[in-house]
Trainee: 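Attaching a single structure in structure tokens format; questions to follow.
Protein chains get the first letters and strands the later ones, always in sequence-line order, with residue 1 at the start of each.
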Protein chains: 2
Amino acid sequence: MSASTPPRPVRADAERNVTRILEAAKVVLADDPTASLERIADEAGLARATVHRRFACRKALLDALFAQLNEQYLHALDEAKVETAPPLVALHRVTELVIGIKFSHRLAVDVVSRVHNGHSFLGDEVVERAELLFSRLHAAGAITAASPSWCLRLYLAVLDAVHQLPAGAPELGEGDDAAARTRLQVSTVLGALGGRGPQ
Amino acid sequence: MSASTPPRPVRADAERNVTRILEAAKVVLADDPTASLERIADEAGLARATVHRRFACRKALLDALFAQLNEQYLHALDEAKVETAPPLVALHRVTELVIGIKFSHRLAVDVVSRVHNGHSFLGDEVVERAELLFSRLHAAGAITAASPSWCLRLYLAVLDAVHQLPAGAPELGEGDDAAARTRLQVSTVLGALGGRGPQ
DNA sequence: CACAAATGCAACACGAGAGTCTCACTTCTG
DNA sequence: CAGAAGTGAGACTCTCGTGTTGCATTTGTG
């Protein structure tokens, strides 16, 4: 789309700060979706004015944030070969990647549902492809629940619960944290949706 | 504590408005946890000044709201005989009652976690008794998950998902809405926590 | 190095919401 | 019915966050 660098006088310096701001926004907004731009600027180690220079207004910043998130989701769906791989494998793989996206999904829901009034924080394409995965899981007999939208809703609810689980929780066992959360997420969702689960 | 009515010149009129305000707050805050007192006053059909007369400040209103919610939860736990009845029966019964409390639990989480910084929106007693129920479920072999706190966390996450489900959703079947949601909640949670579920 | 770009800082205007107060008016309650 | 309690409406203060601007200074880049 626009990864090239044509006659573009954007100093590398500035672009780096864009990243910093987005990163800071993730952290701060996860703690409080209504946090001020000043808090975000502080977290990024920049002046508030700079935030306003990189992003026209608050909404623009949030747009960028969610655009980035969406891109990561799409990448995860690609990587997991959601429409072709065996559904259980794809579910596990996509979950692994989604868990890797250190991002409070509740944040997304919170912020989007009222600051961003209207459109879902998940792009239509993400929703469609995710629901397709659940359809495939159902067709394969891995789950009983038939409605993909309910499956997705539940998946996200559980994802939030798993995400909020403190680091050393007993449910996570002892090994790698991300791997443990992935396992917990997958087995919980499969159980919830009427599957037997791989455990 | 203070349920008596000593030399208390509280006009019935005023007390009725307290109820109206709390009711309005539930509705409005469910839509937007950061809604202004004016919106709440409008919803209640009262002037903003009146809200300030009944509740010293925003925090006081929220305190009252959550105190009321907590009372309802405690009542549900009593009613369901959570510590003595067969755990599966108690789970079903308490869920039935909780679903009856038309209240956005996400609202509670949202508001409490930052406006009310610090204490959980669920009173300690509610948490303890709820966790005890999950312990009993585990002991009875109805679920596999051993950590009561994880069970409760997941229960609430699922509750939110079930609560947000639109009225005529396919998952709910055709009968009574509340009963259908109760069934869905119970079977989903049991499945998620490693039980077979009663379905 | 020299210049343009980017930043920090401070100040400002603006709007929204909380909380307070007064006063005329309505509504309970004894 | 009479007085007390409650309310609505409006004005006012205060605080906080957003968005903008000007200017001196720092930092990147050809």
Side-chain angles (χ1 to χ4, degrees), chain A residues 4-66 107 110-112 114-117, chain B residues 5-25 27-66 107 110-112 114-117:
Chain A
S4 57
T5 315
R8 205 208 206 165
V10 200
R11 232 163 75 172
D13 196 1
E15 197 140 14
R16 181 176 48 87
N17 282 340
V18 170
T19 315
R20 283 192 184 176
I21 293 169
L22 287 174
E23 210 56 39
K26 278 189 209 171
V27 175
V28 172
L29 293 179
D31 175 61
D32 172 10
T34 70
S36 70
L37 293 185
E38 181 145 39
R39 272 196 63 188
I40 296 176
D42 285 352
E43 175 72 26
L46 299 171
R48 188 171 65 91
T50 302
V51 175
H52 280 289
R53 281 190 198 99
R54 299 289 128 234
F55 299 95
C57 59
R58 187 176 231 275
K59 182 180 181 309
L61 170 55
L62 295 179
D63 280 340
L65 196 55
F66 292 119
L107 154 65
D110 280 357
V111 174
V112 166
R114 60 191 76 93
V115 178
H116 234 183
N117 265 330
Chain B
T5 314
R8 206 211 206 161
V10 202
R11 230 162 78 172
D13 197 3
E15 197 140 15
R16 181 176 48 86
N17 283 340
V18 170
T19 315
R20 283 192 184 175
I21 293 169
L22 287 174
E23 211 55 39
V27 176
V28 172
L29 293 179
D31 175 61
D32 173 9
T34 71
S36 69
L37 293 186
E38 181 145 37
R39 271 195 65 188
I40 296 177
D42 284 352
E43 175 72 25
L46 299 172
R48 188 170 66 92
T50 302
V51 175
H52 279 290
R53 279 188 202 103
R54 300 289 127 234
F55 299 95
C57 60
R58 189 177 229 277
K59 183 180 180 307
L61 171 56
L62 295 179
D63 279 340
L65 196 57
F66 292 120
L107 154 64
D110 280 356
V111 175
V112 167
R114 60 191 76 94
V115 178
H116 234 183
N117 264 331

Trainee: dT7(C), OP1 or OP2 - any side-chain N/O from N17(A) closer than 4.0 Å?
Mentor: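 Checking N17(A) against dT7(C): at least one side-chain N or O falls below 4.0 Å of OP1 or OP2.
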Trainee: At under 4.0 Å between heavy atoms, what does R16(A) touch on the DNA or RNA strands: base, sugar-phosphate, or nothing?
Mentor: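 Answer is nothing: R16(A) stays at 4.0 Å or more from every strand.
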Trainee: With a 4.0 Å limit, can you tell me whether R53(A) has a side-chain N or O closer than that to the phosphate oxygens OP1/OP2 of dG19(D)?
Mentor: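 For dG19(D), OP1/OP2 do not have a side-chain N/O of R53(A) under 4.0 Å.
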Trainee: What closest approach, in Å, do A24(A) and E43(A) show between heavy atoms, and which atom pair accounts for it?
Mentor: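 Minimum heavy-atom contact is CB-CG, 3.4 Å.
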Trainee: Compare the minimum distances between each of dG19(D), dA18(C), dG8(C) and the side chain of H52(A), then state the nucleotide with the smallest one.
Mentor: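 Comparing dG19(D), dA18(C), dG8(C) against the side chain of H52(A), the answer is dG19(D).
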Trainee: So, does T50(B) get its side chain near the phosphate of dT7(D), meaning an N or O under 4.0 Å from OP1 or OP2?
Mentor: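 Indeed not, no polar side-chain atom of T50(B) lies that close.
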Trainee: Map A14(B) and R48(B) onto DNA chain D by nearest heavy atom, then report which one ends up closer to the 5' terminus.
Mentor: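 That would be A14(B).
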Trainee: Between A49(B) and D13(B), name the one whose nearest nucleotide on DNA chain D is closer to the 5' end.
Mentor: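 It is D13(B) whose nearest nucleotide is closer to the 5' end.
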Trainee: Base, sugar-phosphate, or nothing for R54(B), non-hydrogen atoms under 4.0 angstrom?
Mentor: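 It contacts sugar-phosphate atoms only.
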Trainee: Quick one, R53(B) and N17(B) - any side-chain contact, counting heavy atoms below 4.5 Å?
Mentor: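 No - every pair of side-chain heavy atoms lies 4.5 Å or more apart.
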Trainee: To the nearest 0.5 Å, how far apart are CG in L61(A) and CZ in F66(A)?
Mentor: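 These two atoms lie 9.5 Å from each other.
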Trainee: Rounded to the nearest 0.5 Å, how far does CZ of R54(B) lie from OG1 of T19(B)?
Mentor: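 Reported to 0.5 Å precision, the distance equals 11.0 Å.
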Trainee: Among dA5(D), dG8(D), dA6(C), which nucleotide sits nearest the side chain of R11(B)?
Mentor: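 Closest of the options to the side chain of R11(B): dA5(D).
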